[in-house]
Amino acid sequence: MVFRKNGLLSFVIIASVIILVSAVAFGQQTQSQPQTKDYEGTVKAAVAHYLYIPQAQGLDIFVAGSVQGGLENLVGKEVRVKASPIADKPNLILAESIEIKEGAAYTSVYTRSAEPDFAGYLSPHDREGYAALNITNINKPEEWEGKEKVKVYGKLQTSKVKEGGQEKEVTHIVLTDKKGKEIGRVIVNGLSDYANFYLKKLRLFDKFWFYLEVTDQVDKRVRARTRELFSGNVVFVGLF
């Protein structure tokens with residue numbers, strides 16, 4: 001009788017373990033399968049691999065591949081995007097398919113067939129590693145020197161300068177004080193696709209925080225003449 005009870009108890013324990021393991025395995029399998037969702041709206045910005053429609057509500061859409069007619073040509077058009085979440089990139093979703101609305105019907109212009117390459121993307125977490133500079137005077141280099149990753153608040157400006165008898169375009173971030181008086185300038189060597197995407201996405205604003213990887217410092221004598229402080233590559237643009 002004792003044997004039967006012990007045998008029954010062992011059977012119940014083993015069965016419970018099997019059910020528990022199966023439930024955990026099923027849960028993990030379910031979590032590993034991304035849930036796609038449809039987003040419908042008008043495209044407001046499209047650069048390189050990035051797409052923005054307001055209906056995505058705080059999410060940027062990443063397109064891994066070529067779109068028929070070009071991604072940039074989607075701007076101003078009504079689309080339906082089927083996208084899935086990206087586990088380690090909470091502000092991005094991955095486009096699985098894109099359709100353009102033509103009349104009452106939708107026409108497919110993209111179906112994902114490749115894995116995404118996120119080179120150049122800057123996550124919200126990594127942005128915390130960029131020091132916010134408070135520059136007050138071009139004669140206070142201690143306010144910006146010695147830092148490799150910085151962010152400055154200013155306005156992007158492109159102008160033509162003469163160099164060796166020829167004109168060339170130079171892009172600066174113009175820094176001003178509270179009264180709008182120019183303090184100094186940062187030379188922009190390059191602008192990443194992700195930064196350019198945000199410039200277009202935030203088109204209604206004219207001043208931003210520019211996240212830069214510093215490449216060089218401007219000589220003191222040149223700085224006194226041009227008000228240029230340092231040069232760098234812009235990797236992201238935001239309102240904070």
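Positions are given from 1, in the same order as the sequence printed here.
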Crowding at CD, Gln57 (>12 non-hydrogen neighbours, <6.0 Å): no
Shortest non-hydrogen contact from Ser159 to His172? OG-ND1, 4.3 Å
Would you check if Leu92 and Tyr121 make a side-chain contact, meaning some heavy-atom pair closer than 4.5 Å? yes
In this structure, is the centre-to-centre distance between the rings of Phe208 and Tyr153 below 6.0 Å? no
Hydrophobic cluster membership, Val174 vs Val150, 4.5 Å side-chain cutoff: no
Nearest heavy atoms of Ile135 and Phe230, plus distance in Å: CD1-CE2, 4.4 Å
Main chain of Val63, side chain of His49: is a donor-acceptor contact present, judged purely on distance under 3.5 Å? yes
For a 4.5 angstrom cut-off between non-hydrogen side-chain atoms, does Ile98 reach Leu51? yes
On the 0 to 90° scale, with breaks at 30° and 60°, tag the Tyr194-Tyr50 ring pair as parallel, tilted or perpendicular. tilted
Kindly work out whether a path of hydrophobic side-chain contacts (I/L/V/M/F/W/Y, heavy atoms less than 4.5 Å apart) joins Leu202 to Tyr211. yes
Return the minimal non-hydrogen interatomic distance between Pro116 and Ala64, and the atom names on each side. CA-CB, 3.6 Å
Could you tell me whether the side chain of Val214 reaches within less than 4.5 Å of the side chain of Trp144, counting heavy atoms only? no
List the steps and the verdict of side chain to side chain contact (heavy atoms under 4.5 Å, CB included) for Phe118 and Asp88. CA-CA 11 Å; Phe118 297 110; Asp88 59 342; 5.8 Å; no
Do NZ/NE/NH1/NH2 and the carboxylate oxygens of Arg80 and Glu99 come within less than 4.0 Å? yes
From CG (Leu94) to CZ (Arg112), nearest 0.5 Å: 4.5 Å
Is there a chain of hydrophobic side chains (I, L, V, M, F, W, Y, each step under 4.5 Å between heavy atoms) that links Val67 to Ile93? yes
Determine, step by step, whether Ser84 and Glu96 satisfy the side chain to side chain donor-acceptor pair (under 3.5 Å) criterion, reporting the C-alpha distance in whole Å, the side-chain angles of both residues, the deciding distance to 0.1 Å, and the verdict. CA-CA 7 Å; Ser84 57; Glu96 302 295 345; 2.7 Å; yes
Counting distance only, does the side-chain N/O of Glu72 pair as donor-acceptor with the main-chain N or O of Ala48 below 3.5 Å? yes
Just say parallel, tilted or perpendicular for the rings of Tyr52 and Phe197, cut-offs at 30° and 60°. perpendicular
Donor-acceptor check, side chain of Thr215 to backbone of Ser231, threshold 3.5 angstrom: yes or no? yes
Do Ile173 and Val234 make a side-chain contact, defined as non-hydrogen atoms from C-beta onward lying under 4.5 Å apart? yes
Give, for atom CD of Gln157 and atom CD of Glu182, the distance between the pair rounded to the nearest 0.5 Å. 7.5 Å
How close do Ala95 and Val81 get, heavy atom to heavy atom, and via which atoms? CB-CG1, 4.0 Å
From CG (Leu74) to CD1 (Ile61), nearest 0.5 Å: 10.0 Å
List the steps and the verdict of side chain to side chain donor-acceptor pair (under 3.5 Å) for Gln217 and Arg223. CA-CA 9 Å; Gln217 301 293 328; Arg223 187 170 75 232; over 6 Å; no
Backbone N or O of Gly190 within a donor-acceptor pair of the Asn233 side chain at under 3.5 Å? yes
Side-chain heavy atoms of Tyr106 within contact of Glu40, under 4.5 Å: yes
Is there a side-chain contact between Tyr130 and Leu122, using heavy atoms and a 4.5 Å cut-off? yes
Quick one: does Leu212's side chain get under 4.5 Å of Val235's, heavy atoms only? no
Going only through I, L, V, M, F, W and Y residues with side-chain contacts under 4.5 Å, is there a path from Val152 to Leu191? yes
Looking only at heavy atoms, what is the nearest atom pair of Val75 and Lys44, with distance? CG1-O, 4.0 Å
Let me see the working for Phe205 and Val237 under side chain to side chain contact (heavy atoms under 4.5 Å, CB included), right down to the final yes or no. CA-CA 11 Å; Phe205 299 86; Val237 174; over 6 Å; no
Can you list the steps and then say if Arg185 with Glu228 is a salt bridge (Lys or Arg N to Asp or Glu O under 4.0 Å)? CA-CA 5 Å; Arg185 295 177 169 228; Glu228 294 171 335; over 6 Å; no
Under 6.0 Å from the NZ atom of Lys147, do we count more than 12 heavy atoms belonging to anything else shown? yes
Measure the shortest side-chain to side-chain distance between Glu143 and Thr136 over non-hydrogen atoms and say whether it is less than 4.5 angstrom. yes
Would Ile53 end up clustered with Tyr110 when hydrophobic side chains under 4.5 Å apart are linked, directly or stepwise? yes
Between atom CG of Asn91 and atom NE2 of His125, what is the distance when rounded to the nearest 0.5 Å? 13.5 Å
Atom CD in Glu128, atom NZ in Lys149: separation rounded to 0.5 Å? 12.5 Å
How many angstroms lie between atom NZ of Lys82 and atom OG1 of Thr111, to the nearest 0.5 angstrom? 11.0 Å
SB check Arg221 Asp219 (cutoff 4.0 Å): yes
